[in-house]
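Positions are given from 1 along the sequence.
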Amino acid sequence: MSKQRPIHGAGPPGKPLLPLAAEMEILEKLGTELRIGADEIAAILKKHGVEADAERLQDSYRKRLGQRLMASIRDEEGRREVLARGSEYIVVECCSDQQILKAIRHRIQSQMNGLDDSAGKVRRRVRVLDRLAGNFKLGGRKIL
């Protein structure tokens with residue numbers, strides 16, 4: 001059996017393990033081509049024998065459907081009424097537990113900060129490309 005290690009950010013113990021060889025192949029392709037499709041990742045994982053039993057897949061599917069249902073519950077302005085804290089869903093307007101509300105707010109703020117950081121990275125790259133494109137104009141035509 002190949003060496004396995006927990007998937008980065010996989011969460012608590014008992015989560016699936018990712019074979020080191022599969023991770024290395026995915027990262028090598030990403031490093032070489034600077035992109036990789038979800039189908040390519042799935043094919044590599046399949047090649048390395050990564051699979052789950054049918055009951056776990058069904059549970060995962062059911063949880064995903066339940067999460068979509070909870071996310072679809074909105075107020076008249078379109079804001080979510082039900083938010084998650086761990087694996088539990090809370091009706092925010094009815095919650096009087098400050099610790100739960102603070103935990104939900106902290107998770108949302110962390111997600112926002114991560115998205116802001118990612119958006120900033122993309123914005124900086126677009127500016128670099130805009131500057132490069134401006135430097136390589138020939139006769140009013142951009143060559144990039």
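If you take CG on Asp53 and CD on Gln58, they are separated by 10.5 Å, rounding to the nearest 0.5 Å. To the nearest 0.5 angstrom, Arg105 atom CZ is 14.0 Å from Ile100 atom CD1. The line from OG of Ser60 to CD of Glu55 is 11.5 Å long, rounded to the nearest 0.5 Å. Within the model, atoms CD of Gln67 and CZ of Arg64 stand 10.0 Å from one another, a figure rounded to the nearest 0.5 Å. Ile104 contributes atom CD1, which lies 6.0 Å from atom SG of Cys95 (distance to the nearest 0.5 angstrom). Taking CD1 of Ile41 as the reference point, atom CD of Glu23 lies at 11.5 Å (rounded to 0.5 Å).
For Glu93, the CD atom counts as loosely surrounded, since its 6.0 Å shell holds 12 or fewer non-hydrogen atoms of other residues, nucleotides or ligands. By the 6.0 Å contact criterion, CG on Asp39 is open, its count of non-hydrogen atoms from other residues, nucleotides or ligands being 12 or less.
In this structure, Glu51 and Lys46 have side chains that are not in contact, with every pair of non-hydrogen atoms separated by 4.5 Å or more. Taking 4.5 Å as the limit, some side-chain heavy atom of Leu45 sits within range of a side-chain heavy atom of Ile26. Residues Ile36 and Ile44 form a side-chain contact, since some pair of their non-hydrogen atoms from C-beta on lies under 4.5 Å apart.
Under the 4.5 Å side-chain heavy-atom criterion for ILVMFWY residues, no single connected hydrophobic cluster contains both Val92 and Ile73. Tyr89 and Ile108 fall into different hydrophobic clusters, where Ile, Leu, Val, Met, Phe, Trp and Tyr residues are linked whenever their side-chain heavy atoms come under 4.5 Å apart, directly or through other members.
Looking only at distances, no side-chain donor or acceptor of Ser118 sits under 3.5 Å from a matching main-chain atom of Leu115.
Residues that satisfy the side chain to side chain donor-acceptor pair (under 3.5 Å) test with Lys29, not counting sequence neighbours, are Glu33, Glu40.
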Can I get a per-line list of side-chain donor-acceptor pairs under 3.5 Å for residues 121-129, giving both atom names and the distance, sequence neighbours left out?
unit_1: Arg124; atom_1: NH1; unit_2: Gly120; atom_2: O; d: 3.3

Going by atom type alone, with no hydrogens or angles, which donor-acceptor pairs under 3.5 Å involve a side-chain atom of residues 75-87 and a protein atom two or more places apart or on another chain?
unit_1: Asp75; atom_1: OD1; unit_2: Glu77; atom_2: N; d: 2.9
unit_1: Asp75; atom_1: OD1; unit_2: Gly78; atom_2: N; d: 3.0
unit_1: Asp75; atom_1: OD1; unit_2: Arg79; atom_2: N; d: 2.9
unit_1: Asp75; atom_1: OD2; unit_2: Arg79; atom_2: NE; d: 3.2
unit_1: Asp75; atom_1: OD2; unit_2: Arg79; atom_2: NH2; d: 3.3
unit_1: Glu77; atom_1: OE1; unit_2: Arg79; atom_2: NH2; d: 2.6
unit_1: Arg80; atom_1: NE; unit_2: Val82; atom_2: O; d: 3.4
unit_1: Arg80; atom_1: NH2; unit_2: Val82; atom_2: O; d: 3.3
unit_1: Arg85; atom_1: NH1; unit_2: Glu88; atom_2: OE1; d: 3.3

Please evaluate residues Asp59 and Arg62 with respect to the criterion salt bridge (Lys or Arg N to Asp or Glu O under 4.0 Å), reporting the C-alpha separation (whole Å), side-chain torsions for both, the decisive distance (0.1 Å), and the verdict.
CA-CA 5 Å; Asp59 284 346; Arg62 292 175 188 122; 3.2 Å; yes
